[in-house]
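Single-structure report; data block below.
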Amino acid sequence: MQRAHPSHFPSPGHTEARLACCREGFLQTLREAADEAIHHPDWPEVLGVVAGECFDDAMGQQNRRWGEQVQGLTASRISLVHDQDMDYAVELMNLEQRLRSFCGRELAAVHLRLKEVFEAIGLTLGSELPLGPEVVCRALRALRDREKLNPDEALDLIGQLESSLCNHLCSFYRRLEHQLAALASSPVAVPRVVDPEAWIDGPAARSSLPIDPLASLRLSVLARREATVGGAGGVDAGLASVLIERVEAWLGERQKFGEGVPVSLGASELGALLTPNQAVAVEIIESACNHAARAPDLPIPIRTVIGQFRVPLLRLALRSETLLAEPRHPALRMLDLIADLGRSMAPDSSLELPVCQALLRLAQSLGKALRITDKDLLSVLGSVESLLESRQRAALERAAACIDAAHRLERREVALLQASQTVQGMTAEPVDAVAREFIEGYWVHVLAKVAYRYGPGGHKWAARLQVAKRLLECTRPNPDAATRQQLMTQLPALLAGLEEGLRYIGLGESHVREGLAPCKALLTALIAGQPQPAPACRPLMGPSLAPLADTPHLRVLKHKQHFAGELTLPAEWADVDVGSRVALGLPDGSVMRGFVALIGPAQQLVLIADGDSPAVLAVTARALAQQAMLPVTRVFRDTSLVDEAATDRLINP
């Protein structure tokens, strides 16, 4: 069931018009840059179309209001990159960095102006601008996919566009900053607040109710109450008011002295004094609180927090005329929010956590009110939403300090992927097992370091690749006498190249000798015409978890070695975005819970930030795909506690 949102937030008003102008100017700039640099008749217009889609996606525009889902950092989807996409992804990362460097001052000024526009209506603009270099590169990727460009055409297009993009974007950012500065004093329209219409009892109203768990429970309780003879339905209004005062006072005393309340107030003798609508409201609140008290997926602190809200919400149920109205009442939305928070917390979470203490203070403040009204719950709901948003925002801000390190880690992961794919291609045909183990265990890191520093395809990459190919050629089985003689001649140069490569990746002399020992034994046996030695059978290694020395609180989960084969992410991770709540099982048996704080530009690394501590985890896509098979790894979706409780009450009356 879709969660209802408050109806009192301010309208974007002028901001919506300003953002629309920003969008149009951004798209026109990209079209002009494309017209200047490329000569294909359709591509400039297609680039404008896909850039608009990328702009909207960055703004959270798809099926949402402007800015409703604006989040900091990068919001691209995560997936495993195919072989042919890797070079293009790396080049897009490099282009983004060059554009950001070229337009640095103008981008900073525009960011400050847009931040002011958003803050004027209480929204937060993250570090990713919807018209920044990252969105430009996302649009280029979409253009390539839309036009089905082959890898060479896509890379050539980047080269043709770069200079024009730098000049046009820089001018556009400068003009936009001046325009936003001129509009900075424009007023923001705030709409008149209209109270939601209360639900009116009656057959027609009941027949119009949606058949969902809450509505079904409501009808069930009403039918049961209407079948009861007596009750407070026909009691004089003055007497009914006195009775409610007595019930509310009794609840207040139980809360004050810690005596608790009956398992079911609605089913007690006091409950018989309630009107049918009051009885329904009380039963719905009690069902939700009772369900939370025994829910296995809620940690004890959250059960305690919801228990503290029980009496104030029952007091509200005695007086509220809109608790059962549509859209869903703030009290019920608040319970759903707190339960969603609890499901994403560790089972052993402490009640001393700041978020739990803040929620307890809200419950205590609400309990001290002489008479609790709908307005009080609307205010508390706003406080709960702000508290949870600030918790998420604080987690993302803590993770923001790790973004540079995360980008470096992703570039290393991309380089290792490129090296692994190259090694996999080299060893596709039958090769000696000892040579294969050396290439997969050692030389893959030599190639990865070259790819990270210089990119694949250059002369440094070709030189290292040639050494590996020579080793594979020299270790073919059953050489004849001429081949053995040639191998003896080539051996010193080959070993020198292999030794130099191992030193290049930082191995000391003892480790160089250890790494080359199996290859030397193999080559010696081949020259002597003796049986070839058996391989050591390198064990398959899973992801490793380790801290990052120069970045406090950041741990990294990744595959350090060559990994043959394919890994696929489960479907539930396909639409994970920045801000998503997730849990990831780790090799040491622990579980990392938190918010997705960053999805790397190449979609090969994710940052997860803990909501209640400084801990941040960087996990590569390959490691995530493997750990996602663990039962504790999951993506948390919003689930209505109230609906769960109503369903349980209907099934188990």
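Just so it is clear, the structure is predicted and the values come from calculations on it, not from any experiment.
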>> To the closest 0.5 Å, what do you measure between CD1 (Ile302) and CE (Met345)?
In response: 4.5 Å
>> Would you say that Leu332 contacts Leu214 through its side chain, given a criterion of any heavy-atom pair below 4.5 Å between the two side chains?
In response: yes
>> Show the nearest heavy-atom pair for residues Arg23 and Glu53, with the distance to one decimal.
In response: NH2-N, 4.4 Å
> So which heavy atom on Leu341 is nearest to which on Arg391, and how close?
Replying inline: CD1-NH1, 3.2 Å
> Are any of the side-chain nitrogens in Arg398 or Asp610 under 4.0 Å away from the carboxylate oxygens of its partner?
Replying inline: no
>> Just verifying a value: how many Å separate Leu607 CG and Phe595 CZ, rounded to the nearest 0.5 Å?
In response: 14.5 Å
> Rounded to the nearest 0.5 Å, how far apart are CD of Glu397 and OG of Ser390?
Replying inline: 9.5 Å
>> If I compare all heavy atoms of Leu378 with all of Pro330, which pair ends up nearest, and what's the gap?
In response: CD1-CG, 3.7 Å
>> With side chain to side chain contact (heavy atoms under 4.5 Å, CB included) as the criterion, how do Leu617 and Leu586 come out once you've worked through the C-alpha distance, each side chain's angles and the decisive distance to 0.1 Å?
In response: CA-CA 10 Å; Leu617 175 71; Leu586 302 178; 3.8 Å; yes
> Could you go step by step and tell me if Leu337 and Leu381 meet the side chain to side chain contact (heavy atoms under 4.5 Å, CB included) rule?
Replying inline: CA-CA 9 Å; Leu337 283 176; Leu381 173 64; 3.7 Å; yes
> Between Arg371 and Asp376, is there a salt bridge with N-O shorter than 4.0 Å?
Replying inline: no
> Does a side-chain N-to-carboxylate-O contact under 4.0 Å join Arg343 and Asp340?
Replying inline: yes
>> Please check: side-chain N/O of Glu177 versus main-chain N/O of Val110, any donor-acceptor pairing under 3.5 Å?
In response: no
> Heavy-atom distance under 4.5 Å between the side chains of Thr633 and Trp573, does that happen here?
Replying inline: yes
>> Side chains of Pro601 and His407, heavy atoms from C-beta outward: is any pair under 4.5 Å?
In response: yes
> Do Thr639 side-chain atoms and Arg637 backbone N/O form a donor-acceptor pair below 3.5 Å?
Replying inline: yes
> Under 3.5 Å, is there a donor-acceptor pair between the side chain of Asp374 and the main chain of Ser320?
Replying inline: no
>> As an exercise, state the distance from OG of Ser216 to CZ of Arg649, rounded to the nearest 0.5 Å.
In response: 14.0 Å
> Are side-chain heavy atoms of Leu377 and Ile372 found at a separation under 4.5 Å?
Replying inline: yes
> Taking the side chain from Thr322 and the backbone from Ala325, do they hold a donor-acceptor pair closer than 3.5 Å?
Replying inline: no
>> Quiz question: by atom type and distance under 3.5 Å, do the side chains of Ser580 and Asp577 form a donor-acceptor pair?
In response: no
> From Phe309 CZ over to Leu335 CG, what is the distance, rounded to the nearest 0.5 angstrom?
Replying inline: 8.0 Å
> Are any side-chain N or O atoms of Ser365 and backbone N or O atoms of Arg361, one a donor and one an acceptor, separated by less than 3.5 Å?
Replying inline: no
>> Take a 6.0 Å sphere around CG of Leu630 and say whether it holds more than 12 heavy atoms from other residues, nucleotides or ligands.
In response: yes
>> Ignoring hydrogens, what is the shortest heavy-atom contact between Ala346 and Pro299? Give both atom names and the distance.
In response: O-CB, 3.6 Å
> If we only count heavy atoms from C-beta on, is the Leu131 to Leu176 side-chain gap below 4.5 Å?
Replying inline: yes
> Any side-chain heavy atom of Ile608 sitting closer than 4.5 Å to one from Val606?
Replying inline: yes
>> side chain to side chain contact (heavy atoms under 4.5 Å, CB included), that's the test. Do Leu388 and Val384 meet it? Break it down for me.
In response: CA-CA 6 Å; Leu388 300 187; Val384 171; 4.2 Å; yes
> Which value, rounded to the nearest 0.5 Å, describes the distance between Arg593 atom CZ and Ser349 atom OG?
Replying inline: 7.5 Å
>> Quick one: does any side-chain atom of Arg294 pair with a main-chain N or O of Asn290 as donor and acceptor, under 3.5 Å?
In response: yes
> Between the main-chain N or O of Val280 and the side-chain N or O of Arg218, is there a donor-acceptor pair closer than 3.5 Å?
Replying inline: no
> Does the Arg315 side chain pair with the main chain of Leu370, one donor and one acceptor, at a distance under 3.5 Å?
Replying inline: yes
>> How close do Ala609 and Ala399 get, counting heavy atoms only, and between which atoms?
In response: CB-CB, 3.8 Å
> Any Lys/Arg nitrogen of Arg328 or Asp643 sitting under 4.0 Å from an Asp/Glu carboxylate oxygen of the other?
Replying inline: yes
>> How close do Ala317 and Ile285 get, counting heavy atoms only, and between which atoms?
In response: CB-CG1, 4.3 Å
> Taking it one step at a time, do Leu641 and Ile338 satisfy side chain to side chain contact (heavy atoms under 4.5 Å, CB included)?
Replying inline: CA-CA 9 Å; Leu641 172 75; Ile338 295 174; over 6 Å; no
